[in-house]
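Inspection log for the structure reproduced underneath, given as structure tokens.
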Amino acid sequence: MKKQCVLVSGGAGYIGSHTAVELIGAGFDVVIVDNLSNSDRNAVEGVRRITGVEVPFVEADCCDRAAFRKVFEQYEFDSVIHFAASKAVGESVLEPMKYYRNNLTSFMNVIDLMREFGRQNIVFSSSCTVYGEPEKQPVTERTPRKPAESPYGNTKTMCEDILRDSLKAYDGLKGIALRYFNPIGAHPSALIGELPRGVPQNLIPYITQTAAGIRECLSVFGDDYPTPDGSCIRDYIDVVDLARAHVAAIRRMIDGKNKEKYEIFNIGTGRGVSVLELVHRFEEANGVKINYKIVGRRAGDIIAIWADPTLANTELGWKAERSLDETLRAAWAWEKHLRNL
């Protein structure tokens with residue numbers, strides 16, 4: 001029986017590289033395409049070292065339709081997992097056009113090319129940002145979407161709508177949107193992990209770089225939110241657990257178990273953790289101290305959000321397994337590997 005092949009756009013990025021590893025471990029062939037704008041070719045080498053598979057890699061921009069089309073011409077695959085997007089909330093507030101142009105164009109190109117070449121299954125990398133500032137916690141897939149607090153969040157809402165409408169209009173396509181909560185951690189091998197360009201926009205790489213002495217001090221954006229310790233609350237999910245959810249989503253469509261042409265699942269742990277709690281848990285898990293200071297609130301941040309992952313648990317047969325301490329130890333091991341500490 002021929003192995004199923006999956007195209008992973010943005011596969012040299014943080015979540016994409018971990019998903020490539022899990023797909024290969026589950027018996028899939030993988031093709032990675034990435035423009036390396038916010039990722040590194042070494043991540044592809046990391047995937048190859050972990051899996052022992054010479055994974056094909058194409059350096060191309062998904063917004064460049066002609067270049068992206070060549071990937072569809074060259075490789076046979078029935079499924080696409082689309083990660084390729086700009087992803088920093090704060091940056092999107094400052095540079096909205098960059099986010100709308102990149103995130104929407106790349107996704108529309110994916111849909112168009114899948115139709116042209118008769119490819120069937122797509123998993124879209126969505127986000128809990130589509131819920132905005134929810135009125136009730138935890139959020140389920142039935143929680144109403146709200147106007148996004150940032151252009152980044154708005155692109156996720158718009159891409160979900162593009163996917164929904166495309167699947168309704170076009171035969172032969174099936175799709176699943178996975179609404180991620182906050183991915184953190186690294187592969188247990190310490191061969192791949194989060195590798196931001198320049199100053200990190202996400203919390204954990206800023207914590208690990210501060211612990212490593214790369215950054216002088218971590219800024220905690222606000223301690224006056226209506227939460228137990230005043231800092232924002234998020235649902236932090238291990239990136240390997242998140243990657244496994246993509247494998248489950250692809251399998252669901254290949255096996256014909258999807259109940260609708262378009263399905264949505266929350267991918268989180270079901271537990272909210274505050275920023276300050278995460279800092280202290282990192283210190284305890286790794287035996288290091290983090291120099292941090294409280295600064296003003298950051299534009300685009302919401303107070304609190306965490307998932308009800310029941311639907312993913314029951315329908316996808318997936319659940320988050322790694323403990324927070326395991327995840328934080330893996331994040332620090334990755335940083336130490338990078339810096340030869």
Side-chain angles (χ1 to χ4, degrees), residues 8 10-25 30 32-55 57 59 83-91 125 180 182-220 234 236-244 275 278-292 322-341:
V8 182
Y14 175 42
I15 304 170
S17 59
H18 288 80
T19 300
V21 168
E22 296 305 309
L23 284 165
I24 293 166
V30 168
I32 293 173
V33 60
D34 202 297
N35 68 358
L36 303 179
S37 63
N38 192 36
S39 55
D40 195 287
R41 192 181 297 269
N42 287 331
V44 179
E45 292 306 318
V47 171
R48 291 169 175 167
R49 288 180 62 188
I50 292 167
T51 63
V53 174
E54 195 64 20
V55 182
F57 168 63
E59 184 177 349
F83 294 105
S86 302
K87 63 177 186 175
V89 170
E91 182 189 51
S125 163
Y180 310 163
N182 287 65
I184 61 172
H187 193 268
S189 67
L191 291 173
I192 54 174
E194 192 165 6
L195 186 61
R197 294 281 177 92
V199 179
Q201 299 290 324
N202 293 334
L203 179 58
I204 284 295
Y206 213 112
I207 288 175
T208 58
Q209 289 190 18
T210 303
I214 309 300
R215 306 290 162 193
E216 183 179 343
C217 184
L218 168 72
S219 293
V220 174
R234 298 289 184 268
Y236 295 99
I237 179 168
D238 188 282
V239 66
V240 176
D241 281 335
L242 175 58
R244 289 191 302 102
V275 172
L278 193 72
V279 171
H280 297 319
R281 285 287 292 274
F282 181 90
E283 291 177 324
E284 292 167 9
N286 293 297
V288 296
K289 294 297 291 181
I290 302 299
N291 183 31
Y292 71 90
R322 291 173 64 79
S323 72
L324 182 57
D325 287 347
E326 283 180 295
T327 302
L328 295 174
R329 284 193 290 267
W332 181 226
W334 161 245
E335 187 70 46
K336 289 191 290 184
H337 169 78
L338 279 178
R339 312 299 173 186
N340 295 314
L341 297 178

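For clarity, every value in this text was computed on a predicted model and none was experimentally measured.
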Residues pairing under side-chain hydrogen bond (donor to acceptor under 3.5 Å, both in side chains) where one sits in residues 182-200, two or more places apart or in two chains, turn out to be H187-S189, E194-N202
Might you confirm whether atom CZ of R339 has over 12 heavy atoms from other residues, nucleotides or ligands at distances under 6.0 Å? yes
Using side-chain heavy atoms (C-beta onward) and a distance below 4.5 Å, is [X] in contact with [Y]?
| X | Y | result |
| --- | --- | --- |
| L341 | W332 | yes |
| L278 | L324 | yes |
| V21 | V30 | no |
| Y180 | I237 | no |
| Y236 | L203 | yes |
| F282 | V288 | yes |
| H18 | P183 | no |
| I192 | Y14 | no |

Listed partners of E59 passing side chain to side chain contact (heavy atoms under 4.5 Å, CB included), at least two apart: L36, R41, F57
Under 3.5 Å, is there a donor-acceptor pair between the side chain of N291 and the main chain of E216? yes
Side-chain ion pair, R48 and E45, N-O less than 4.0 Å: yes
Applying the side chain to side chain contact (heavy atoms under 4.5 Å, CB included) test to I207, which of N286, I184, V275, I290 qualifies? I290
Taking the six-membered ring for Trp, are H280 and Y292 parallel (under 30°), tilted (30 to 60°) or perpendicular (over 60°)? perpendicular
Looking at every heavy atom in both [X] and [Y], which two are closest together, and how far apart are they?
| X | Y | value |
| --- | --- | --- |
| Q209 | P196 | NE2-CG, 4.0 Å |
| A186 | W334 | CB-CB, 3.6 Å |
| P188 | R322 | CG-NH1, 3.9 Å |

Residues forming a salt bridge (charged side-chain N to carboxylate O under 4.0 Å, His left out) with D34, sequence neighbours excluded: none
To the nearest 0.5 Å, what is the distance between CG on D40 and CG on L195? 5.5 Å
CG/N38 to CD/Q201 distance, rounded to the nearest 0.5 angstrom? 9.0 Å
Can a side-chain donor-acceptor contact be found between S37 and N35 if the only test is distance below 3.5 angstrom? yes
